[in-house]
Amino acid sequence: MNNVYKLHVRLIKIGLQNDPVSLRRLLLSFAAAAPASLPHARSVFARVPFPDTFAYNTLIRAHAHSSPSHSVSLFSAMRRDGVSPDNFTFPFVLKACARLHIGHDAHALIIKLGLGSDIYVQNGLISLYGSLGSVAGAFDVFDEMPERDLVSWSSMISCFANNNFGYEALGLFQDMQLVGNLKPDEVTMLSVISAVSSLGALELGKWVDAYISRTGLKRTVSLGTALIDMYSRCGSVDDSIKIFNAIPVKNVLTWTVLINGLAVHGRSEEALKVFHEMKNAGLKPDHITFNGVLVACSHSGLVDDGWRVFESIKSDYGMEPTVEHYGCIVDLLGRAGLLNKAFDFVDTMPIKPNAVIWRTLLGACVKHNDLKLSEKAKVKIHELDPNHDGDYVLLSNVYGQVGRWDEKANVRNSMREKKVGKKPGYSFLNEVDMVHEFVSGDDFHPKSNEIKRFLTSIIDDLRLDGYTLFTCNALHDVEDEEKEQSLSFHSEKLAVAFALLRFKDRRTIRVIKNLRICYDCHCFMKHVSNKFDREIVVRDRNRFHHFSKGSCSCKDY
């Protein structure tokens with residue numbers, strides 16, 4: 001950075017501060033020293049009498065990553081000044097637009113200027129469309145490219161992965177391997193790992209891990225951290241630990257990802273142990289690290305440990321706790337049944353509690369059947385976020401659990417009047433090269449009738465072992481048989497019944513669900529794991545549940 005200033009001073013001393021060739025050299029030096037040099041670079045650029053395309057391109061490129069809004073502003077000024085952009089301008093303008101999620105009209109301008117066939121511009125367009133959520137637009141550009149380089153393939157794979165088209169991302173990665181002269185790099189593999197993580201497909205994850213080893217790709221900190229996260233999200237935190245132990249260099253994110261993984265798998269004491277090891281290694285936890293540790297404490301009822309960690313954020317590290325950290329403490333106290341203490345904590349928060357914090361309290365009140373506090377929390381939520389379906393369902397459930405059926409019916413009627421729809425539950429089950437989807441109470445799956453018959457027979461058998469459908473959350477004016485039928489066909493039950501029909505070997509059944517698993521389905525999974533001697537892993541919206549021999553890793557907490 002000092003060398004850039006020295007160069008500028010020397011040019012002024014010898015009178016070359018306005019010389020075009022000297023200015024080019026100076027602007028390139030500023031670009032190389034970005035982002036620290038950028039404010040000074042802009043002040044120098046403002047004094048250039050007639051900046052040309054090169055000058056604009058240099059400044060646009062320098063700002064594209066760290067200050068994208070300045071890149072876009074410079075491009076607008078370039079157009080106003082009548083300076084013609086070229087094929088070196090747009091890759092960085094498109095990169096800036098992608099970071100800002102703007103630029104819907106960029107493609108039309110590129111075609112108008114006759115630059116649409118440049119491979120670097122096309123690669124930029126794929127990334128831009130991906131950031132805007134337009135997978136079709138990105139694929140149109142990719143599909144029409146006469147030649148594609150590694151960046152083209154990586155950008156399209158990333159577009160699929162980041163927009164929840166996991167299988168399409170993996171399919172394109174396989175197609176890429178048929179192109180003989182292209183070898184995936186770290187950027188490519190990070191997108192592939194992201195796709196596997198979103199799918200929760202453990203076998204595919206193991207294949208990707210083996211592929212990286214087989215091709216000799218260096219396991220950088222970024223790649224190793226991504227693999228740790230992938231294995232955790234695929235339900236195998238033991239494999240996450242193996243990758244973690246094998247990485248020679250770890251940063252804060254690496255430790256944080258493992259802590260988060262242990263937390264959501266219910267291995268809270270191990271998460272705390274890793275947290276202390278991280279501190280002993282001389283690394284400073286960040287806000288995300290503390291969030292993971294507090295989640296770990298919350299999921300296992302480690303109230304004292306959670307308090308100590310929360311207080312250390314400010315006392316030991318001089319950081320201000322975020323609203324997420326406060327939310328974790330509310331969850332910690334609420335799960336432990338310390339409802340009055342949780343409400344007092346919220347009332348004395350220095351940060352205004354948001355709807356999520358009040359919703360956390362509402363969930364805790366429902367769990368512990370505290371109707372009075374449930375109603376208080378619902379009033380607060382209604383002021384902040386009146387149309388969230390989950391709040392109505394929670395309040396409806398607590399009325400049902402205490403037998404106040406009129407109030408329960410009123411809540412449901414209120415939902416209908418306000419047109420608040422309840423989000424349907426659905427579950428996924430991966431099978432090698434395809435995914436099976438199950439929707440609660442629906443006949444979506446082609447083998448729906450066979451699955452429901454088999455599920456009904458399973459439930460009948462489980463009743464003999466003491467399983468009883470938990471029907472108190474269903475409406476009182478519905479016949480008992482209808483209540484049971486509604487609960488029987490929840491999506492995760494359909495998925496498990498299908499797996500038992502489909503897979504005759506001893507493989508672990510892995511289900512991904514969009515909502516939290518309900519109390520009844522949780523009981524069902526424990527009974528099935530014992531009856532059929534099968535391990536079942538359910539990844540719901542909040543955490544993983546590992547069912548084996550009649551027990552769950554969450555210890556029913």
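Index from 1, following the sequence.
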Asker: Between N354 (side chain) and I357 (backbone), is there a donor-acceptor pair under 3.5 Å?
Answerer: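 Yes.
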Asker: Quickly, which of V293, L302, V295, L262 forms a side-chain contact (heavy atoms from CB on, under 4.5 Å) with S268? Name it, please.
Answerer: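 Exactly one option meets the side-chain contact (heavy atoms from CB on, under 4.5 Å) with S268, and it is L302.
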Asker: Can you tell me which residue among H545, H546, H299 is in a ring-ring contact (aromatic ring centres under 6.0 Å, His included) with H265?
Answerer: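 Only one of H545, H546, H299 forms a ring-ring contact (aromatic ring centres under 6.0 Å, His included) with H265, namely H546.
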Asker: Run the salt bridge (Lys or Arg N to Asp or Glu O under 4.0 Å) test against E431 and tell me which residues pass, sequence neighbours left out.
Answerer: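 With neighbours one apart ignored, the set is R502.
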Asker: Taking NZ, NE, NH1 and NH2 as the nitrogens, is one of them in D370 or K376 under 4.0 Å from a carboxylate oxygen of the other?
Answerer: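 Not counted as a salt bridge, because no side-chain N and carboxylate O are separated by less than 4.0 Å.
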Asker: Does a sphere of radius 6.0 Å around CD1 in I288 hold more than 12 heavy atoms from other residues, nucleotides or ligands, not counting ones at 6.0 Å or beyond?
Answerer: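 Atom CD1 in I288 is not crowded, with 12 or fewer foreign heavy atoms closer than 6.0 Å.
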Asker: Mind checking whether W255 and F275 have ring centres under 6.0 Å apart?
Answerer: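 No: the rings miss the under 6.0 Å criterion.
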Asker: What do you reckon, are the aromatic ring centroids of H63 and F92 less than 6.0 Å apart?
Answerer: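 No, the ring centres sit 6.0 Å or more apart.
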Asker: Determine whether the aromatic ring centres of Y120 and F90 lie less than 6.0 Å apart.
Answerer: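 Ring centres of F90 and Y120 not closer than 6.0 Å.
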Asker: Mark yes or no for whether S197, through its side chain, and I193, through its backbone, hold a donor-acceptor pair below 3.5 Å.
Answerer: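 Answer holds: yes.
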Asker: Would K352 and Y326 count as a cation-pi pair here, with the cationic atom under 6.0 angstrom from the ring centre and within 45° of the axis?
Answerer: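 No cation-pi geometry.
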Asker: Return yes if some donor-acceptor pair links the side-chain N/O of R219 with the main-chain N/O of I247 below 3.5 Å, else return no.
Answerer: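 No, R219 side chain to I247 backbone: no donor-acceptor pair under 3.5 Å.
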